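Throughout, protein chains are lettered first and strands after them, A, B, ... in sequence-line order, and every chain is numbered starting at 1. The shown structure was predicted, so the numbers you read here are calculated from the model rather than taken from an experiment. Hydrogens, waters and symmetry mates play no part in the numbers below; they use all other heavy atoms, side chains included.
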2 protein chains.
Amino acid sequence: MPATATRDTPAAILDTAERLVQQRGFNGFSYADVAAELGVTKAGLHYHFAGKAELGEALMNRYTDRFGEALAQIDAGERPAPEKLDAYVDLYADVLSDERMCLCGMLAAEYGTLPERMQAVVLRFFDENERWLERVLEDGRRAGTVSVTGSARDAARLIVSALEGAMLVARPYADVERFRAASRALLAGLVG
Amino acid sequence: MPATATRDTPAAILDTAERLVQQRGFNGFSYADVAAELGVTKAGLHYHFAGKAELGEALMNRYTDRFGEALAQIDAGERPAPEKLDAYVDLYADVLSDERMCLCGMLAAEYGTLPERMQAVVLRFFDENERWLERVLEDGRRAGTVSVTGSARDAARLIVSALEGAMLVARPYADVERFRAASRALLAGLVG
DNA sequence: GTCTATAACGAGATAGAC
DNA sequence: GTCTATCTCGTTATAGAC
């Protein structure tokens, strides 16, 4: 019996690569970086993920699926819309406090250089987030807990944009409070 | 007399490199890309800019200075604060309509991989923008044309964050209207 | 100021042993 | 499943001719 990995190797590869992409970008990390950190060789990585494009795609699908599960978790709580929005903001804050950018926000910056199949997942991520927010905002409007001036769709797109941008700007300052301040000001204008 | 360039060569290099960075990122373009587009050799570029770090720094300083001049232009008009904010949003929209990301927004994503001197300019860009916005918002509040709930500084930071994020998200969709919708929703919550 | 030529390195990827 | 070894290519950068 050959030596067994202490945990699922593909998952460990994805964990390391994910962090590297979130901190350095898809064009800012290499198979060598991942291999060195895991103490394996580049060839070993190619066994699990044929190429960088396949690794990137797997990364994004896992991230987007997990984000969807987190949204389902928020829904399961049956809380009023403003609390759901606060929980949504916390998802972003948790990523940032790890000194990471949102994976798909990072890849949105590099969009023009990405393999086609990775580009498609970037759009899927934003679409799913916008749909979820739109529904929460409409529920809140019906319940009288949220007062959005324009369309719920436009407000949802503003929220995604503002939170992605707040992460983008706050990370160079290594200042989560900067993100928190922007989030508060955002929700104050929408929920107030 | 040697052949004369049709226009200032360093400026032409900066123009091309700037667009490439805005569309592909600092880690997504090379000297070879710039040289090919200008019809010169890589060695020729090194004569004008010693290395990629120096080219990047020159790029950012020119961009930040130009942005500052554009803000001074807006101030020169002596318009009320809401009109100044509209003009400010237009600066971003113009960049996006060229299918480019804000230069410093792009470099904020790649921040961890940048040479130190380029990192410093990223912060300078955001600082100067926030200061300008903070002043406009305070002027507007005094004149009664703007009603910001929290501090002008936090609102300024929200505006920078939201506009950077709106560019980041809208560009993969190649949809300037997506940016416009987010901008309108943003200002509606702040100026309303 | 721009060129040719090349050095030095790292990236992504593959073949084949174990 | 992971390794060693190697290949090919692109990238940054320099030396030196014109």
Looking at every strand, decide which applies to [X] at a 4.0 Å heavy-atom threshold: base, sugar-phosphate, or nothing.
X: B:F49; answer: nothing
X: A:Y47; answer: base
X: B:T41; answer: base

Calculate the interatomic distance between [X] atom [atom1] and [N] atom [atom2]; express it in whole Å.
X: B:F29; N: D:dG10; atom1: CZ; atom2: P; answer: 17 Å
X: B:K52; N: D:dT12; atom1: NZ; atom2: P; answer: 4 Å
X: A:D8; N: D:dT2; atom1: CG; atom2: C1'; answer: 15 Å
X: A:F26; N: C:dA11; atom1: CZ; atom2: P; answer: 14 Å
X: B:N27; N: C:dG12; atom1: CG; atom2: P; answer: 12 Å
X: B:D33; N: D:dG10; atom1: CG; atom2: P; answer: 11 Å
X: A:E54; N: C:dA13; atom1: CD; atom2: C1'; answer: 11 Å
X: B:L38; N: C:dG1; atom1: CG; atom2: C1'; answer: 14 Å

Any donor-acceptor pair under 3.5 Å linking the side-chain atoms of A:R24 with those of B:N27?
no
Quick test: give all pairs of protein nitrogen or oxygen and nucleotides 14-18 of chain C nitrogen or oxygen below 3.5 Å, distance rounded to 0.1 Å.
none

Assign the ring pair A:W132 / A:Y88 to parallel, tilted or perpendicular, where the plane angle (0 to 90°) is split at 30° and 60°.
parallel
Once you measure the plane-to-plane angle for B:F125 and B:Y63, does it fall in the parallel (<30°), tilted (30-60°) or perpendicular (>60°) bin?
tilted
Check whether any side-chain nitrogen or oxygen of A:S30 sits under 4.0 Å from OP1 or OP2 of C:dA11, and answer yes or no.
yes
Check this for me, if you would: do [X] and [Y] make a salt bridge, where the nitrogen-to-carboxylate-oxygen distance has to be below 4.0 angstrom?
X: B:D90; Y: B:R180; value: yes
X: B:D15; Y: B:R19; value: no
X: A:K84; Y: A:D139; value: no
X: A:E138; Y: A:R142; value: no

By nearest-heavy-atom nucleotide on DNA chain C, the more 5' of A:A53 and B:V40 is B:V40
Shortest side-chain distance from A:T9, nucleotide among C:dC3, D:dT11, D:dT2:
D:dT2
